[in-house]
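Have a look at the structure below, then the notes.
This is a predicted model, so every value here is computed, not measured.
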Amino acid sequence: GIKLHPANQRFFPNDGRLYPAYHKAQELGLPIITHCGIDALRKEQYARPANFVDVLRQFPGLTLVLAHMARGFLDEAAEVMQTHPNIYLDSSAAIEGTITPPMLSDEEAVAMIRRVGCHRVLFGSDWPWFHPIKDARRMDSLPLSAEEKRLIFYENAQRVLGL
(Lines give C-alpha, C1' and ligand atoms only; values in the text may rest on other atoms or scores of the structure.)
Protein backbone atom coordinates (compact mmCIF):
# COMPACT_ATOMS: atom_id res chain seq x y z
CA GLY A 1 0.00 0.00 0.00
CA ILE A 2 0.84 3.66 0.13
CA LYS A 3 1.02 5.97 3.16
CA LEU A 4 0.33 9.68 2.72
CA HIS A 5 0.81 12.43 5.25
CA PRO A 6 -0.73 15.56 3.73
CA ALA A 7 -0.29 17.65 6.89
CA ASN A 8 3.38 16.83 7.29
CA GLN A 9 4.17 17.01 3.60
CA ARG A 10 1.96 20.09 3.11
CA PHE A 11 -0.10 19.05 0.12
CA PHE A 12 -3.78 18.70 -0.58
CA PRO A 13 -4.80 15.14 -1.47
CA ASN A 14 -6.72 16.36 -4.52
CA ASP A 15 -3.57 17.80 -6.11
CA GLY A 16 -3.62 16.47 -9.67
CA ARG A 17 0.05 15.54 -9.49
CA LEU A 18 -0.97 12.64 -7.23
CA TYR A 19 -3.54 11.26 -9.65
CA PRO A 20 -1.12 8.87 -11.42
CA ALA A 21 -0.36 7.28 -8.02
CA TYR A 22 -4.07 7.02 -7.20
CA HIS A 23 -4.71 5.50 -10.62
CA LYS A 24 -1.97 2.90 -10.13
CA ALA A 25 -3.12 2.07 -6.60
CA GLN A 26 -6.68 1.57 -7.83
CA GLU A 27 -5.48 -0.52 -10.76
CA LEU A 28 -3.38 -2.77 -8.50
CA GLY A 29 -5.94 -2.90 -5.68
CA LEU A 30 -3.49 -1.30 -3.24
CA PRO A 31 -5.02 0.56 -0.31
CA ILE A 32 -3.85 4.02 0.58
CA ILE A 33 -3.64 5.05 4.21
CA THR A 34 -3.45 8.72 5.01
CA HIS A 35 -2.94 10.81 8.08
CA CYS A 36 -6.28 12.45 8.70
CA GLY A 37 -7.39 14.95 11.28
CA ILE A 38 -6.03 17.33 13.83
CA ASP A 39 -2.36 17.21 14.67
CA ALA A 40 -1.00 19.79 17.07
CA LEU A 41 2.30 20.03 15.23
CA ARG A 42 1.03 20.27 11.66
CA LYS A 43 -1.46 22.07 9.45
CA GLU A 44 -4.64 20.03 9.59
CA GLN A 45 -6.31 21.90 6.72
CA TYR A 46 -4.39 19.55 4.42
CA ALA A 47 -5.60 16.45 6.27
CA ARG A 48 -9.38 16.81 6.22
CA PRO A 49 -11.59 13.99 4.89
CA ALA A 50 -13.37 16.38 2.52
CA ASN A 51 -10.10 16.93 0.68
CA PHE A 52 -10.44 13.38 -0.70
CA VAL A 53 -13.91 13.80 -2.23
CA ASP A 54 -12.60 14.81 -5.68
CA VAL A 55 -10.09 11.95 -5.56
CA LEU A 56 -12.79 9.41 -4.67
CA ARG A 57 -15.04 10.67 -7.47
CA GLN A 58 -12.20 10.26 -9.97
CA PHE A 59 -11.13 6.88 -8.56
CA PRO A 60 -14.27 5.15 -7.24
CA GLY A 61 -12.45 1.83 -6.82
CA LEU A 62 -9.69 3.30 -4.68
CA THR A 63 -9.52 1.97 -1.12
CA LEU A 64 -8.69 4.69 1.38
CA VAL A 65 -7.99 4.37 5.10
CA LEU A 66 -8.27 7.58 7.11
CA ALA A 67 -5.88 7.23 10.02
CA HIS A 68 -6.66 8.37 13.55
CA MET A 69 -10.41 8.08 12.94
CA ALA A 70 -10.13 11.49 11.24
CA ARG A 71 -9.59 12.96 14.70
CA GLY A 72 -11.49 16.21 15.01
CA PHE A 73 -13.31 15.66 11.71
CA LEU A 74 -15.40 12.57 12.43
CA ASP A 75 -18.63 14.26 11.31
CA GLU A 76 -16.98 15.16 8.02
CA ALA A 77 -15.54 11.65 7.64
CA ALA A 78 -18.90 10.01 8.36
CA GLU A 79 -20.54 12.21 5.74
CA VAL A 80 -17.93 11.37 3.10
CA MET A 81 -18.13 7.68 4.01
CA GLN A 82 -21.87 7.64 3.30
CA THR A 83 -21.28 8.05 -0.42
CA HIS A 84 -17.91 6.31 -0.76
CA PRO A 85 -17.99 2.65 0.33
CA ASN A 86 -14.23 2.10 0.03
CA ILE A 87 -13.27 4.41 2.90
CA TYR A 88 -12.22 3.00 6.25
CA LEU A 89 -11.00 4.51 9.50
CA ASP A 90 -8.16 3.23 11.63
CA SER A 91 -8.05 3.53 15.39
CA SER A 92 -4.44 4.67 15.74
CA ALA A 93 -3.85 7.56 18.12
CA ALA A 94 -7.60 7.88 18.59
CA ILE A 95 -8.42 4.77 20.61
CA GLU A 96 -5.17 4.13 22.40
CA GLY A 97 -3.98 2.60 25.62
CA THR A 98 -0.92 4.73 26.32
CA ILE A 99 -2.38 7.99 27.61
CA THR A 100 -4.08 8.20 31.01
CA PRO A 101 -6.80 9.24 30.98
CA PRO A 102 -7.38 8.25 27.34
CA MET A 103 -8.25 10.89 24.75
CA LEU A 104 -11.64 9.21 24.26
CA SER A 105 -13.70 7.55 26.96
CA ASP A 106 -14.89 4.01 26.30
CA GLU A 107 -18.37 5.34 25.55
CA GLU A 108 -17.04 7.91 23.07
CA ALA A 109 -14.84 5.31 21.36
CA VAL A 110 -17.68 2.82 20.97
CA ALA A 111 -20.03 5.54 19.71
CA MET A 112 -17.49 6.57 17.06
CA ILE A 113 -17.00 2.99 15.91
CA ARG A 114 -20.69 2.23 15.72
CA ARG A 115 -21.47 5.50 14.00
CA VAL A 116 -19.46 4.58 10.91
CA GLY A 117 -19.95 0.84 11.34
CA CYS A 118 -17.59 -1.77 12.77
CA HIS A 119 -17.10 -3.15 9.27
CA ARG A 120 -15.30 0.12 8.36
CA VAL A 121 -12.84 0.40 11.26
CA LEU A 122 -9.36 -1.13 11.39
CA PHE A 123 -7.21 -1.54 14.47
CA GLY A 124 -4.08 0.59 14.24
CA SER A 125 -1.38 1.55 16.74
CA ASP A 126 0.65 4.33 15.09
CA TRP A 127 3.79 2.68 16.45
CA PRO A 128 6.37 3.90 17.54
CA TRP A 129 4.44 6.85 18.98
CA PHE A 130 1.91 4.61 20.66
CA HIS A 131 2.21 1.10 22.08
CA PRO A 132 0.55 -1.67 20.00
CA ILE A 133 0.05 -4.07 22.92
CA LYS A 134 -1.48 -1.41 25.16
CA ASP A 135 -3.60 -0.14 22.28
CA ALA A 136 -4.83 -3.68 21.52
CA ARG A 137 -5.69 -4.23 25.18
CA ARG A 138 -7.66 -0.99 25.25
CA MET A 139 -9.57 -1.89 22.08
CA ASP A 140 -10.25 -5.37 23.45
CA SER A 141 -11.56 -3.91 26.71
CA LEU A 142 -14.21 -1.78 24.98
CA PRO A 143 -17.82 -2.91 25.38
CA LEU A 144 -18.04 -4.28 21.84
CA SER A 145 -19.31 -7.71 20.82
CA ALA A 146 -16.91 -10.49 19.89
CA GLU A 147 -18.03 -10.12 16.25
CA GLU A 148 -17.34 -6.35 16.28
CA LYS A 149 -13.86 -6.93 17.73
CA ARG A 150 -13.13 -9.66 15.19
CA LEU A 151 -13.98 -7.24 12.37
CA ILE A 152 -11.84 -4.45 13.82
CA PHE A 153 -8.85 -6.58 14.78
CA TYR A 154 -8.47 -8.57 11.58
CA GLU A 155 -11.39 -9.29 9.25
CA ASN A 156 -11.57 -5.72 7.96
CA ALA A 157 -7.81 -5.69 7.36
CA GLN A 158 -8.09 -9.01 5.54
CA ARG A 159 -10.70 -7.50 3.23
CA VAL A 160 -8.86 -4.19 2.71
CA LEU A 161 -5.53 -5.92 2.05
CA GLY A 162 -7.04 -8.69 -0.05
CA LEU A 163 -5.65 -11.48 2.15
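Here the side chain of N51 pairs no donor or acceptor atom with the backbone of F12 at under 3.5 angstrom. A donor-acceptor contact shorter than 3.5 Å links the side chain of N156 to the backbone of V121. Side chain of Y22 to main chain of P13: a donor-acceptor pair is present (N/O by atom type, distance under 3.5 Å, no hydrogens or angles). Side chain of Q26 to backbone of G61: a donor-acceptor contact under 3.5 angstrom is found. A distance-only check finds no donor-acceptor pair linking the side chain of R150 to the backbone of E155 [under 3.5 Å]. Counting only distance, with no hydrogens or angles, the side chain of Q9 and the backbone of H5 share a donor-acceptor pair below 3.5 Å. Judged purely by atom type and a 3.5 angstrom limit, K3 has no side-chain atom pairing as donor or acceptor with the backbone of I33. In this structure, E79 contributes its side chain and E76 its backbone to no donor-acceptor pair below 3.5 Å. In this structure, R159 contributes its side chain and H119 its backbone to a donor-acceptor pair below 3.5 Å.
Within 6.0 Å of CD in E147 there are 12 or fewer heavy atoms belonging to other residues, nucleotides or ligands.
Between R71 and M103, some side-chain heavy-atom pair lies under the 4.5 Å cut-off. Contact of the L62 side chain with the I32 side chain is registered, since non-hydrogen atoms from C-beta on lie closer than 4.5 Å. Within the 4.5 Å cutoff, the side chain of V53 has heavy atoms near those of the V80 side chain. Looking at heavy atoms from C-beta onward, F59 lies out of side-chain contact with F52 at the 4.5 angstrom threshold. In this structure the side chain of E148 never reaches within 4.5 angstrom of the side chain of V110, judged on heavy atoms. The side-chain heavy atoms of H35 and L4, taken from C-beta on, include no pair separated by under 4.5 Å. Within the 4.5 Å cutoff, the side chain of F153 has no heavy atoms near those of the L122 side chain. I113 has its side chain within reach of I95: a pair of non-hydrogen atoms, C-beta onward, lies under 4.5 Å apart.
Pairing each heavy atom of E108 with each of S105, the nearest pair is OE1-N, 2.8 Å. Between I2 and A25, the closest heavy-atom pair is CD1-CB, 4.2 Å. Contact record, A94 with L104: O-CD1, 3.4 Å, taken as the closest heavy-atom pair. Across all non-hydrogen atoms, the minimal contact from P132 to S125 is CA-CB, 3.6 Å. Smallest separation of non-hydrogen atoms from A77 and L89: CB-CD2, 4.3 Å.
The CZ atom of R115 sits 10.5 Å away from atom CE of M81, with the distance rounded to the nearest 0.5 Å. Remark: L151 CG to S145 OG distance equals 8.0 Å, nearest 0.5 Å.
Under the 4.5 Å side-chain heavy-atom criterion for Ile, Leu, Val, Met, Phe, Trp and Tyr, Y46 and L74 are members of distinct hydrophobic clusters. Residues F11 and I38 are members of separate hydrophobic clusters, defined by side-chain heavy-atom contacts under 4.5 angstrom among Ile, Leu, Val, Met, Phe, Trp and Tyr. Cluster membership check: V65 does not share its hydrophobic cluster with L30, using side-chain heavy-atom separations under 4.5 Å among Ile, Leu, Val, Met, Phe, Trp and Tyr. In the hydrophobic clustering of ILVMFWY residues, with side-chain heavy atoms under 4.5 Å counting as a link, F123 and F130 come out apart. Residues M69 and Y88 do not share a hydrophobic cluster, defined by chaining ILVMFWY side chains whose heavy atoms lie under 4.5 Å apart.
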Note to self: Using side chain to side chain contact (heavy atoms under 4.5 Å, CB included), reason through M112 and V116 one step at a time and then give a plain yes or no.
What the structure shows: CA-CA 7 Å; M112 286 176 69; V116 298; over 6 Å; no
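Of the charged side-chain nitrogens involved, at least one lies within less than 4.0 Å of a carboxylate oxygen, so that D54 and R57 count as a salt-bridged pair. Under 4.0 Å is where a charged nitrogen must lie from a carboxylate oxygen, and between R120 and D90 no such pair does. Between E96 and K134 no salt bridge is recorded (no basic side-chain N to carboxylate O distance below 4.0 Å).
When the options V55, L64, L56 are evaluated for a side chain to side chain contact (heavy atoms under 4.5 Å, CB included) with H84, the one that passes is L56.
Checking S92 against H68 by side-chain atom types alone, a donor-acceptor pair falls below 3.5 Å.
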